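Beneath this line is the structure, given in structure tokens, with notes to follow.
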Amino acid sequence: MEGRLNQHIENSVQFFRLRSQLLFAQNKARKEIFSEIIGESADNNHQIRLINRGSNQLLQRNFIVIRKEGLVGRIQSVSPYQSSVQLIIDHRSRVPALIQRNRVKGLIYGTHDGIEMRQINQHAKIKIGDRVISSGLGNLYPKGILIGWVSGIQHKSHELFKTARLDSAVDFNQIEEVFAILPSITDSNLSDEFESMVE
Amino acid sequence: MMRLFSLSIGILLIGVLMNIVFNHYFQPVGLKINWMLIFMLLLTFRHSSISLSFLGVFAGIILDALSHGYIGLYGISFFVTLLLARQLIKLFYANTFFALSLAVSVMTILEGWISLSILSMLETELNQSSLMLTSTLPLAVLHGLVTPFILQSVIWGEKHFIGDTA
């Protein structure tokens, strides 16, 4: 009798542990909203694209935009039926990132026609072809989204940091459709606003 | 004067449409031609009216809205460029296709430099020299190449809407 009770308690503990793990995993499975590119900035100094989804489709400022190839950018502003997306190649864009192979951190800067990873530790060993993913620092871009590959490394002896040129995973001249990520319940800052809006 | 202003507004609206629609399909070497700037420069070179400089502010603000950047950036750069263009035309006679193309190219470089200077004040890590080389200079060449065609349409518009005063 004592043995069977102990077994039930053990099963119960296991159930709640697994349940919380499954709920955590379920929360992390983000909902994505399919959007089409319907326009772009009219000048040569900004890299902005317009998409055909807005606040009526629950999009908000700072939601992340991706494609299956990798990270595209973030939503800069929303109106009821369209939003403007700041691409990561825009010179105002900054994305915390890390090199997947050795977890070296840096910051992705847009250079208008491409991207660079700057503020890399000068002693870090990076190689051409290394995959670069978002690091999740700053709580804006989710961790683990592919950004690109290292295509060149710059480091001068008097500089504190290395800079790596990257080949972007996404061809920004060819994009026609993107996915906007709705934050999961566990994504703290954004989800508060999101939940209140859903309610 | 009123006819010139009406014509300028009409041409400006055509420039806005071309910036929105035409640039979506036509981007030589990946650059968007600034039709509004070309139209406004040509009108300023041909008529040298101060009202065109102020209309340039309006054109610049429209471009600011379309570019989703800082409101006022192109408003300022267009205004200063058109004011200088108005002074420039007093220094030499530019009414041939080649001279106007050259003048539009030079003023495009100036406008690019002004807008990038303002941007670099707002964003400290902007590589202004790189953008000047990769974006503004090729754009100035493109503007110079399309100017004769735009000039033809402006002359056509003047003949029909201003008549003998053009």
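Here the structure is a predicted model, which is why all the values come from computation and not from measurement. What's counted below: heavy atoms across the whole structure, side chains too, no hydrogens, waters or symmetry copies. Order of the sequence lines sets the chain letters (A, B, ...), proteins ahead of strands, with each chain counted from 1.
Closest approach of V178(A) and R67(A) over heavy atoms only: CG1-CG, 4.0 Å. Residues F172(A) and S168(A) approach most closely at CE1-OG, 3.1 Å, considering heavy atoms. Summarising the geometry of S67(B) relative to I48(A), their closest heavy-atom pair is O-CG1, 3.9 Å, with the distance given to 0.1 Å. The two residues I126(A) and R101(A) have their closest heavy-atom pair at CA-NH2, 3.8 Å.
If you measure heavy-atom distances from Q86(A) to chain B, you find no contacts under 4.5 Å at all. Residue contact with chain A, scored on non-hydrogen atoms closer than 4.5 Å, is absent for L122(B). Proximity to chain A is limited to the side chain of L131(B), based on heavy atoms less than 4.5 angstrom apart. No part of N34(B) comes within reach of chain A, as not one of its non-hydrogen atoms sits under 4.5 angstrom from that chain.
With respect to chain B, the highest number of heavy-atom pairs below 4.5 Å among G110(A), S41(A), S84(A) belongs to S41(A).
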Practice problem: Let me see the working for Q47(A) and H91(A) under side-chain hydrogen bond (donor to acceptor under 3.5 Å, both in side chains), right down to the final yes or no. | Solution: CA-CA 8 Å; Q47(A) 289 285 4; H91(A) 53 73; over 6 Å; no

